[in-house]
**Student:** 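Pasting a structure below so you can have a look.
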Amino acid sequence: MGAIRALRGTRDILPPEVVYWQQVEQVARGVFARASYQEIRPPIFEQTELFARGIGEATDVVGKEMYTFSDRGDRSITLRPEGTAGVVRAFIEQNLGSQGNVQRLWYTGPMFRYERPQAGRQRQFHQVGAELLGSGSPVADVEVIALATDILRELGLRSLKLDLNSVGNKGDRTRYRQALIDYLTPYQSELDPDSQDRLTRNPLRILDSKDQRTQEITQGAPSILDYLEPESQSHFEQVQQMLTDLDIAYQINPRLVRGLDYYTHTAFEIQSDDLGAQATVCGGGRYDGLVAELGGKETPAVGWAIGMERLILLLQDLQTQSPPSPNFYLVSRGDRAQAQALVLAQKLRYFGFTVELDLSGAAFGKQFKRADRSGAPACLIIGETEAEQQQVNLKWLTSQEQETLTQNELFSRLDQLKAKIG
RNA sequence: GCGGGCGUAGCCAAGUGGUUAAGGCAGUGGAUUGUGGUUCCACCAUUCGUGGGUUCAAGUCCCAUCGUUCGCCCCA
């Protein structure tokens, strides 16, 4: 009947689900705070150029998934498809690295990609991300990976696996790329069509093709790990050693390739078997070239992003959370009584209680039913009689005990009630 | 962008071409006109996502479209 619906790939996150989102945000905030990471909030849209240059013109994200439009001033604008480019732009523009010091930043918010929606994949989706700018040390890589594993572990998620790889520096990758092309070319006609396409454009991505024949062929392909310069190799080895020191389990996956062009050296993904095709909960790595690519000083950096929707799917399987119950449910009937109930509610709130006010004016029986459902341990009742006498009935919903006091008496006992309600 | 499944009330659903579209949860009213969590009764879809078609007859078959879901793709 002409009702307007949410756009495809967007959805309303309703209060029962928001509880999980708040849980994730709270845990993430705590982990970040303890590691001295500070929150940054860059804009949701940026010049298209930022993403084109940062993520890479040849990537699918830039090539066919961005929400790009012209604004009224004829600027080409893009809704951010990921968080790193905006953070790096801010880092450069605001001179956050001016003293050569390390910046530890985190962010959360919506991202936008024009894709076919499926479970764990929306057009508007949300990420929490961490970025450590200004350190090329393998310690930084591991610090950052540990943030992600800490958040996931604190949320109670087990049975996630961490895949680790090194994609080396630019030179390493150029040499490996050539080796891979040399290896694959004789098999060209046997590869799946997508992979044939990539052979010249982006051969590394052929490694994570799901096509069976392509997988068989790549089984015998050279490994990037054999093409790392000694320095890259040493970096990778130190990362592994430190992960082991921290008891963070990982497996090396030389076929792990990230889809965004800016990654160098360490690349990692955290995956779950319970998410179907969209198994990656967290992905990230080192991106030493990006700051310079976007016009800043040469600055090493490493970071990751967690997909909130996917994480919350896992969390909902694991535990049940309900929206919080109020301390008091306020039952009232009649104009004067309702007005007094409102005043009472406010005073209780100022004292720190959570209070839900029944606005229905319905029969007491109905209001009690709702009081019960609200989960409040106690309700306060003001009817015509109480209103006249400035009284209130305090009823404990568990024991059915009820007493009548004056409203002033109630206020004088708030400390005592606080102790009782907790 | 490609391929398959699905779309019945706020939610979960039965219904496989034949007259009045099960049931449950939630909701509303009442038994109980100022006291809940149990119980009982009543009410709650002129209509099956939307539009068209086939048929004497369509929720049921066909086409289109929108949405959703699974896979490809992509990625968090």
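Worth knowing before you read on, the calculation uses all heavy atoms, side chains too, and leaves out hydrogens, waters and symmetry mates. The sequence lines fix the lettering, A, B, ..., with proteins before strands; numbering per chain opens at 1.
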**Student:** Check whether the side chain of A:Gln400 and the base of B:G37 form a donor-acceptor pair under 3.5 Å.
**Tutor:** yes
**Student:** Mind running a 4.0 Å heavy-atom check of residues 307-323 of chain A against RNA chain B and sending the residues that fall below it, in number order?
**Tutor:** A:Gly307, A:Arg310
**Student:** Distances under 3.5 Å only, N/O to N/O: pair up the protein atoms with those of nucleotides 64-67 of chain B.
**Tutor:**
residue: B:G67; atom: O2'; partner: A:Arg5; partner atom: NH2; Å: 3.3

**Student:** Is a salt bridge present between A:Arg413 and A:Glu403, judged by a nitrogen-to-oxygen distance below 4.0 Å?
**Tutor:**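 Judged by the 4.0 Å cut-off on N to carboxylate O distance, A:Arg413 and A:Glu403 do form a salt bridge.
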**Student:** Which letters describe nucleotides 24-32 of chain B, given B = protein heavy atom under 4.0 Å from base, S = only from sugar-phosphate, - = neither?
**Tutor:** --SSSS---
**Student:** Please report, rounded to the nearest Å, how far the P atom of B:U35 is from the CD1 atom of A:Ile381.
**Tutor:** 11 Å
**Student:** Provide, to the nearest angstrom, the distance between the CD atom belonging to A:Glu115 and the P atom belonging to B:G71.
**Tutor:**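 Atom-to-atom, A:Glu115 to B:G71, this comes out as 14 Å.
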**Student:** May I ask you to say whether A:Arg89 pairs ionically with A:Glu46, meaning some side-chain N is under 4.0 Å from a carboxylate O?
**Tutor:** yes
**Student:** Anything under 3.5 Å between a donor and an acceptor, one on a side chain of residues 148-155 of chain A, the other on a protein residue two or more places apart or in another chain? List them.
**Tutor:**
residue: A:Thr149; atom: OG1; partner: A:Ile145; partner atom: O; Å: 3.4
residue: A:Thr149; atom: OG1; partner: A:Ala146; partner atom: O; Å: 3.1
residue: A:Glu154; atom: OE1; partner: A:Arg34; partner atom: NH2; Å: 3.4

**Student:** I want to confirm an ordering. Mapping A:Thr398 and A:Glu384 to their closest nucleotides on RNA chain B, which one lands closer to the 5' end?
**Tutor:**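 By nearest-heavy-atom nucleotide position, the 5'-most residue is A:Glu384.
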**Student:** For B:G36, which nucleotide is its Watson-Crick or G-U wobble mate, given both distances must be under 3.5 Å?
**Tutor:**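 Across any shown strand, B:G36 pairs with none.
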**Student:** Examine distances only and state if a side-chain atom of A:Asn165 and a backbone atom of A:Leu256 form a donor-acceptor pair shorter than 3.5 Å.
**Tutor:** yes
**Student:** Taking pairing as Watson-Crick or G-U wobble with both contacts under 3.5 Å, can you name the mate of B:G1, or confirm there isn't one?
**Tutor:** B:C72
**Student:** So does A:Arg80 pair up with A:Glu82, basic N to acidic O under 4.0 Å?
**Tutor:**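 No, no charged N to carboxylate O under 4.0 Å.
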**Student:** Flag as yes if A:Phe364 stacks onto the base of B:G34 (centroids under 5.5 Å, planes under 30°), otherwise no.
**Tutor:** yes
**Student:** Rounding to an integer number of angstrom, what distance separates B:G18 and B:U60 when you compare their P atoms?
**Tutor:**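 About 12 Å, rounded to a whole number of Å.
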**Student:** Between atom CD in A:Gln367 and atom C1' in B:U35, what is the gap in whole Å?
**Tutor:** 10 Å
**Student:** Give me the distance, rounded to whole Å, that separates B:C2 from B:C11 when you measure between the C1' atoms they each carry.
**Tutor:** 34 Å
**Student:** Within 45° of the axis and under 6.0 Å from the centre of the six-membered ring of A:Phe353, does NZ or CZ of A:Lys418 qualify?
**Tutor:**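 Yes, cation above the ring, under 6.0 Å and within 45°.
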**Student:** Can you sort out which residues in residues 204-212 of chain A have a heavy atom within less than 4.0 Å of RNA chain B? Ascending by number, please.
**Tutor:**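 Under 4.0 Å from RNA chain B: A:Arg205, A:Lys210.
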**Student:** So do A:Glu386 and A:Gln340 actually touch side chain to side chain, heavy atoms under 4.5 Å?
**Tutor:** no
**Student:** Please state how far atom CD in A:Glu269 lies from atom P in B:A76, giving the value in whole angstrom units.
**Tutor:** 7 Å
**Student:** Should the ring pair A:Tyr37 and A:Phe32 be called parallel, tilted or perpendicular, given that the plane angle runs from 0 to 90° and is split at 30 and 60?
**Tutor:**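 Tilted.
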**Student:** For B:A9 and B:A45, measure between their C1' atoms and round to the nearest Å.
**Tutor:** 6 Å
**Student:** Give a yes or no on whether a donor-acceptor pair under 3.5 Å exists between the nucleobase atoms of B:U35, that is its base, and the side chain of A:Gln402.
**Tutor:** yes
**Student:** Taking B:C56 as the reference, what is the distance to B:C44 when you measure between their P atoms (whole Å, please)?
**Tutor:** 35 Å
**Student:** Once you round it to whole Å, what is the distance between P of B:C75 and OH of A:Tyr263?
**Tutor:**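 Answer to the nearest Å: 10 Å.
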**Student:** Using a strict heavy-atom distance below 4.0 Å, which residues from residues 56-67 of chain A are in contact with RNA chain B?
**Tutor:** A:Asp60, A:Val61, A:Glu65
**Student:** Figure out the CD/C1' separation between A:Gln278 and B:A76, and round it to whole Å.
**Tutor:**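 Answer to the nearest Å: 9 Å.
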**Student:** May I have the distance from A:Arg333 (atom CZ) to B:U33 (atom P), rounded to whole angstrom?
**Tutor:** 11 Å
**Student:** Please state the C1' separation for the pair B:G17 and B:C62 - nearest whole angstrom.
**Tutor:** 13 Å
**Student:** Please classify the nucleic acid contact of A:Ile306 as base, sugar-phosphate, or nothing, using heavy-atom distances under 4.0 Å.
**Tutor:** nothing
**Student:** Looking at A:Glu65 and A:Arg116, is any side-chain nitrogen of the basic one under 4.0 Å from a carboxylate oxygen of the acidic one?
**Tutor:** no
**Student:** Does A:Gln118 make a side-chain N or O approach to OP1 or OP2 of B:G71 shorter than 4.0 Å?
**Tutor:**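 Result: yes.
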**Student:** May I ask you to say whether A:Lys161 pairs ionically with A:Glu269, meaning some side-chain N is under 4.0 Å from a carboxylate O?
**Tutor:**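 No salt bridge links A:Lys161 with A:Glu269.
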**Student:** Judged by each residue's nearest nucleotide on RNA chain B, which is more toward the 5′ side, A:Glu82 or A:Leu275?
**Tutor:** A:Leu275
**Student:** Mind calculating the distance between CH2 (A:Trp304) and P (B:A76) to the nearest angstrom?
**Tutor:** 13 Å
**Student:** Could you walk me through whether A:Arg104 and A:Gln38 satisfy the side chain to side chain donor-acceptor pair (under 3.5 Å) test, starting with their C-alpha distance in whole Å, then the side-chain angles of each, then the deciding distance to 0.1 Å, before giving a yes or no?
**Tutor:** CA-CA 6 Å; A:Arg104 292 181 164 93; A:Gln38 294 182 304; over 6 Å; no
**Student:** Is A:Arg286 close enough and on-axis enough to A:Tyr263, meaning under 6.0 Å and within 45°, for cation-pi?
**Tutor:** no
**Student:** Please classify the nucleic acid contact of A:Gly129 as base, sugar-phosphate, or nothing, using heavy-atom distances under 4.0 Å.
**Tutor:**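 Here A:Gly129 touches no strand at all.
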**Student:** Determine the Euclidean distance between corresponding P atoms of B:G49 and B:G10; express it in Å to zero decimal places.
**Tutor:**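 Rounded to whole Å, the distance is 13 Å.
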**Student:** Do the side chains of A:Asp211 and A:Arg213 get close enough for a salt bridge, i.e. N-O under 4.0 angstrom?
**Tutor:**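 No salt bridge links A:Asp211 with A:Arg213.
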**Student:** Quote, to the nearest angstrom, the P distance that separates B:G7 from B:A14.
**Tutor:**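 That atom pair is separated by 9 Å.
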**Student:** For the P atoms, the ones on B:G51 and on B:A58, what distance do you get once it is rounded to whole angstrom?
**Tutor:**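 Those two atoms are separated by 15 Å.
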